[in-house]
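To start, the structure under review is shown below, and the notes come after it.
So you know, we letter chains A, B, ... as the sequences are listed, proteins then strands, and number each from 1. Only this structure's heavy atoms are used, side chains among them; waters, hydrogens and symmetry mates stay out. Nothing here was measured: the structure is a model prediction, and the numbers come from that model.
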There are 2 protein chains.
Amino acid sequence: MPTARPRREDYSESTRQALVDSAVALFTKQGYAATSLDAIARRARVTKGALYHHFSGKQAVFEAAFGAVERAVLAKLGQVVAGPGTPWDRAVSGLQAYVQVCLEPSYQRIAIHEGPVVMGWERWREAEEHFSFGLVKGAVEALVEAGEIDDLPVEVTARILFGALQTGAAIIAGADDPRKAGTDVSRTIIRVLEGMRVAGHDGGAPTGNAQPAQPAASLLRKLRG
Amino acid sequence: MPTARPRREDYSESTRQALVDSAVALFTKQGYAATSLDAIARRARVTKGALYHHFSGKQAVFEAAFGAVERAVLAKLGQVVAGPGTPWDRAVSGLQAYVQVCLEPSYQRIAIHEGPVVMGWERWREAEEHFSFGLVKGAVEALVEAGEIDDLPVEVTARILFGALQTGAAIIAGADDPRKAGTDVSRTIIRVLEGMRVAGHDGGAPTGNAQPAQPAASLLRKLRG
DNA sequence: GGCACGACATACCGACGGTACGTACCGGTG
DNA sequence: CACCGGTACGTACCGTCGGTATGTCGTGCC
């Protein structure tokens, strides 16, 4: 019996959203293993029964939280990389925006650190394809297409760059002086990018902007829920 | 031989080792959360009571497994990076050796993927400082000292490179064709390194090799146990 | 105005991490 | 050789948590 006002009067969707919000908050603060379903439900002012009505289990709750965090990030970054300028400019500004996003504790913990462990690496990778990694990959593809960087294998280059970005974000998040760490990381990664630039190339002609991959797949629907 | 070592300690040590081996095997196969202490003990042909005699809890068991895996890797890589040649050559060959090491499922799962989550990022980072990351950092320091690469912040550069290496390893481990993925990853990362090279530099004078940081700290003793 | 259905709550089970305690065995001592 | 202390386990048990089965209340519908 919920002591406060019964949630029943609200809509089901609101309850589900409250559960997701609760999960994001608790997973971010305590991590997946240390967060109980009872705690998640209690914070949303419902019981475990309600939780199991909306989700098939703890992992499903995590994936919903993961999806919520990723969609928020995607909304923030989508504008930046789709903005004006050359592919190179957009890549650099997107990079800086991403580093900024990575300071969000929820993204750090849920999407980057615990995501692969809880969801399994393969599934996590598949999901990431449609979210932040999709943006990075699109940016790299645009750079190659524009002849800005050497024609390395796109997939591998994008993944490695993605890994470097995540590590950079982790550095910033754990640093004593996040501001200084932020500039250090940005400088270093941009230096890496410049190192991969084709010799004598310093700003090519703009090309059509590359959209991230098609959404498709039932996984997407689950994460979108 | 100073004092006669009682047989009992041999047996005890052997039991502990069996528990660690069992833990490494099961954590690698099933992951931390899905592995029960009973299962670990059973595989070592003892009971949970014995396990709790040797370790303070599940996390301590994981850290022992982590230490075992990391020490094995360190032994393998230590020779490579301490070998002959210029800092640049040693860095490149060490890089390739590390990518090779990363194909070990135990290292992938225990050291890289679950380590930060189970031990906590800060503690994991502190431990890594004395193991594989220590080697990478040492190599980067040597490169900077030798004037091979630009004087970016060493710590940040090393960490980002480390992240890139791990990601590369993960790519190889999950690829359909590991051989092709291996060459792609090596090529890409070496390209990244070359991109960071100081312009017009293609092989400087050898310098004194930089040792990884001092071992010290009680954490080390625990992991060494 | 019953009635089916969705949206929860309640009660309970099994598994697992952790603890308390019992016990067999070894080495030393008188 | 009897005795004793401590180590290296085994056994029994508890609390918590993920998951399930079932009950209940409101609401739209005929």
Side-chain angles (χ1 to χ4, degrees), chain A residues 1-23 25-27 29-66 114 117-120 225, chain B residues 1-23 25-27 29-66 114 117-120 225:
Chain A
M1 65 203 88
T3 55
R5 168 198 77 203
R7 269 240 148 211
R8 246 201 217 123
E9 296 164 8
D10 294 350
Y11 292 125
S12 173
E13 179 57 33
S14 168
T15 299
R16 186 195 163 93
Q17 193 56 48
L19 283 166
V20 172
D21 291 345
S22 171
L26 292 177
F27 285 152
K29 252 186 279 189
Q30 316 169 358
Y32 180 79
T35 301
S36 75
L37 294 182
D38 279 311
I40 293 175
R42 200 180 319 128
R43 197 177 205 273
R45 302 197 314 258
V46 290
T47 66
K48 212 166 50 171
L51 191 151
Y52 268 92
H53 175 74
H54 287 283
F55 304 98
S56 62
K58 191 177 186 182
Q59 194 162 333
V61 175
F62 180 86
E63 295 191 9
F66 175 88
E114 303 212 317
V117 176
V118 175
M119 301 169 64
Chain B
M1 61 212 75
T3 63
R5 198 173 119 112
R7 267 196 116 66
R8 206 120 167 272
E9 293 184 12
D10 285 354
Y11 294 150
S12 180
E13 179 60 32
S14 167
T15 299
R16 186 195 162 93
Q17 193 56 47
L19 283 167
V20 172
D21 292 345
S22 171
L26 291 178
F27 284 153
K29 253 187 278 188
Q30 315 170 1
Y32 179 79
T35 300
S36 74
L37 294 182
D38 279 311
I40 293 175
R42 199 180 319 127
R43 197 178 205 274
R45 302 199 317 260
V46 291
T47 66
K48 212 166 52 173
L51 192 151
Y52 268 91
H53 175 72
H54 287 283
F55 304 98
S56 62
K58 192 177 186 182
Q59 194 163 333
V61 175
F62 180 86
E63 294 192 8
F66 175 88
E114 303 212 320
V117 176
V118 175
M119 301 168 65

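Using modelled atom types, no side-chain atom of B:Ser22 and backbone atom of B:Ala18 make a donor-acceptor pair closer than 3.5 Å.
Side-chain nitrogen and oxygen atoms of A:Thr15 include at least one within less than 4.0 Å of the OP1 or OP2 phosphate oxygen of C:dC8. Between B:His54 and D:dC9, a side-chain N or O to OP1/OP2 separation shorter than 4.0 Å is present. Taking side-chain N and O atoms only, B:His53 has no distance below 4.0 Å to OP1 or OP2 of D:dC9. OP1 or OP2 of C:dA7 has at least one side-chain nitrogen or oxygen of A:Ser12 nearer than 4.0 Å.
To the nearest 0.5 Å, atoms NE2 (A:His54) and OG (A:Ser12) are separated by 3.5 Å. To the nearest 0.5 Å, atoms CG (A:Leu51) and CZ (A:Arg16) are separated by 10.0 Å.
Across all strands, B:Ser14 comes closer than 4.0 Å to no nucleic acid atom at all (heavy-atom distances). Counting non-hydrogen atoms under 4.0 angstrom, A:Ser36 reaches the backbone sugars and phosphates but no base. Using a 4.0 Å heavy-atom cutoff across all strands shown, B:Gly57 reaches sugar-phosphate atoms only and no base atom.
Going from atom CG of A:Asp38 over to atom P of C:dT10 covers 12 Å, rounded to whole Å. B:Phe27 has its CZ atom 12 Å from the C1' atom of C:dG17, to the nearest Å. Atom C1' of nucleotide D:dA8 and atom CG of B:Leu51 are separated by 13 Å, given to the nearest angstrom. For A:Phe62 and D:dG18, the CZ to P distance is 14 Å, given to the nearest whole Å. The CZ atom of A:Phe55 sits 14 Å away from the C1' atom of C:dC8 (whole-angstrom rounding). Following rounding to the nearest Å, B:Tyr52 (OH) and D:dC13 (P) show an atom-to-atom distance of 18 Å. In this structure, A:Arg45 atom CZ and C:dA7 atom C1' are separated by 16 Å, rounded to whole Å. At whole-Å resolution of the value, CZ in A:Arg42 and C1' in C:dC8 are 17 Å apart.
Out of D:dG10, C:dC8, C:dG17, the shortest distance to the side chain of B:Ala50 is found at D:dG10.
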Let's go through B:Leu19 and B:Val61 carefully: what are the C-alpha distance in whole Å and the side-chain angles of both, what is the deciding distance for side-chain contact (heavy atoms from CB on, under 4.5 Å) to 0.1 Å, and is it a yes or a no? CA-CA 8 Å; B:Leu19 283 167; B:Val61 175; over 6 Å; no
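Residues passing the ring-ring contact (aromatic ring centres under 6.0 Å, His included) test with A:Tyr32 are A:Phe27, A:Phe62, sequence neighbours excluded.
Side-chain to base pairing of B:Lys48 with C:dG18: one donor and one acceptor N or O lie within less than 3.5 Å of each other. Side-chain to base pairing of A:Lys58 with D:dG19: no donor and acceptor N or O lie closer than 3.5 Å to each other.
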